[in-house]
There are 2 protein chains.
Amino acid sequence: MKIGELSARTGVSIRSLRYYEQQGLLTPARHGNGYREYSPLTEEQVRTIQLYLALGLSTEQIAGFLQCVLKNKEAFCQEVLPIYRQKLAEIDDQIHLLQNIKLNLEDRIRSILDERQIDDKEE
Amino acid sequence: MKIGELSARTGVSIRSLRYYEQQGLLTPARHGNGYREYSPLTEEQVRTIQLYLALGLSTEQIAGFLQCVLKNKEAFCQEVLPIYRQKLAEIDDQIHLLQNIKLNLEDRIRSILDERQIDDKEE
DNA sequence: ATAAACCCTGACATTAATGTGAGGGTCAAG
DNA sequence: CTTGACCCTCACATTAATGTCAGGGTTTAT
């Protein structure tokens, strides 16, 4: 299957498919004319990549264990767990940061509304 | 006060102070030799800018109400509330996204540990 | 008058995945 | 043999605040 078909089947842009290749995530064969030829298995592979990207992992991290998880259960791949844990820690940090900002914003919004209430009464 | 002193007093890098000026947040006077001259009030102004940046607002958004809030109470500045509310909505979205990813990661980590438990017993 | 410590502008780098366009081959159907 | 629909590579743009040079003036103290 050529790149256009793979793109249509997966919903991933041609640009992105080429980028994944450049990052070492896909290694399609080449026709004599230079066209990429993807095996049917690649479709599932691309969906797997998208899944990991959606978890916030970088292409570099994914490259580190993709070959393993495509052939085995995730639990078999030693690299996965530490990456998951690291990502989880990052996510937790981000959530806490955002929640602090959220509380701050809510306070400020409340203050503004309170002040306006007072000002309204004064006039 | 010159830029080095302002930077030292506020902890904000010289580079950033120049950037704030470029974004219209600061407008120091100039000496004949081209050196920027900041009024003592600027120190507080810079702290205010940092405060808003820490809330996740962009310099462009800050520029939209900074002059007002420096002269009045925040509640007086009409531009502030909608920006706060918009930012709050964005933050909420991000938090929800991150929480979904977090749950997903936790599931996956649990699955891996469970599977390994089983595999350990089998051998 | 020289050295150290300032200041200036301009410009490129950073991050990461993706969009977009130029310039140019290839192939299939008419 | 031409047209349209593919494909290729290369490369610049995107975001936003900040870091970091380079190349060059100024000031202050010695």
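Here the structure is a predicted model, which means the values were calculated and not measured. In what follows, every chain begins at residue 1, and chains take the letters A, B, ... in the order their sequences are listed.
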Self-check item: Pair Lys87(A)-Leu55(A), side chain to side chain contact (heavy atoms under 4.5 Å, CB included): steps then yes or no
Solution: CA-CA 9 Å; Lys87(A) 193 71 204 174; Leu55(A) 286 177; 5.9 Å; no
Quiz prompt | side-chain N/O Ser16(A) vs dT18(C) OP1/OP2, d < 4.0 Å | solution = yes
Practice problem: Whole angstrom is fine here: how far is it from CD1 in Ile49(A) over to C1' in dT18(C)? | Solution: 15 Å
Practice problem: Ignoring backbone atoms, establish whether Asn33(B) has a side-chain N or O less than 4.0 Å from OP1 or OP2 of dC7(C). | Solution: no
Quiz item: When you measure from the side chain of Ile3(B), which nucleotide among dC7(D), dT18(C), dC7(C) comes out closest?
Solution: dC7(C)
Quiz item: CZ/Arg15(B) to CG/Leu17(B) distance, rounded to the nearest 0.5 angstrom?
Solution: 10.5 Å
Quiz prompt | Side-chain H-bond candidate by donor/acceptor type, Glu90(B) with Gln86(B), under 3.5 Å | solution = yes
Quiz prompt | Interatomic distance where CD1 belongs to Ile14(A) and P belongs to dG19(C) [whole Å] | solution = 11 Å
Practice problem: Work out which heavy atom in Val69(B) is nearest to a heavy atom in Cys77(B); give both atom names and the distance. | Solution: N-SG, 3.5 Å
Quiz item: According to a strict under-4.0 Å criterion, is Thr59(B) in side-chain N/O contact with OP1 or OP2 of dA17(D)?
Solution: yes
Practice problem: Tell me whether the OP1 or OP2 atom of dC7(C) has a side-chain N or O from Arg36(B) closer than 4.0 Å. | Solution: no
Quiz item: According to a strict under-4.0 Å criterion, is Ser13(B) in side-chain N/O contact with OP1 or OP2 of dG19(D)?
Solution: yes
Quiz item: In whole Å, what is the span from the OH atom of Tyr35(A) to the C1' atom of dG25(C)?
Solution: 7 Å
Practice problem: Measure from CG on Leu53(A) to P on dT18(C) and round the result to the nearest Å. | Solution: 6 Å
Exercise. To the nearest Å, give me how far apart CD (Gln22(B)) and P (dA17(D)) are.
Key: 11 Å
Quiz prompt | Nearest heavy atoms of Leu25(B) and Thr59(B), plus distance in Å | solution = CD2-O, 3.7 Å
Exercise. First locate atom CD1 of Ile101(B), then atom CD1 of Ile91(A), and finally report the distance between them rounded to the nearest 0.5 Å.
Key: 4.5 Å
Nucleotides 12-15 of chain D: which of its N/O atoms have a protein N/O under 3.5 Å away?
none

Quiz item: Just how far, in rounded Å, is P of dA17(C) from CG of Leu17(A)?
Solution: 14 Å
Quiz item: dC21(D) P sits how many Å from Arg18(B) CZ, rounded?
Solution: 15 Å
Self-check item: Of Arg30(A) and Tyr19(B), the one whose closest DNA chain D nucleotide lies more 5'
Solution: Arg30(A)
Exercise. Mind calculating the distance between NE2 (His31(A)) and C1' (dC7(D)) to the nearest angstrom?
Key: 11 Å
Practice problem: Begin with the C-alpha distance, continue with both residues' side-chain angles, and end with the deciding distance and a verdict on side-chain hydrogen bond (donor to acceptor under 3.5 Å, both in side chains) for Glu74(A) and Tyr84(A). | Solution: CA-CA 11 Å; Glu74(A) 253 191 11; Tyr84(A) 276 177; 2.6 Å; yes
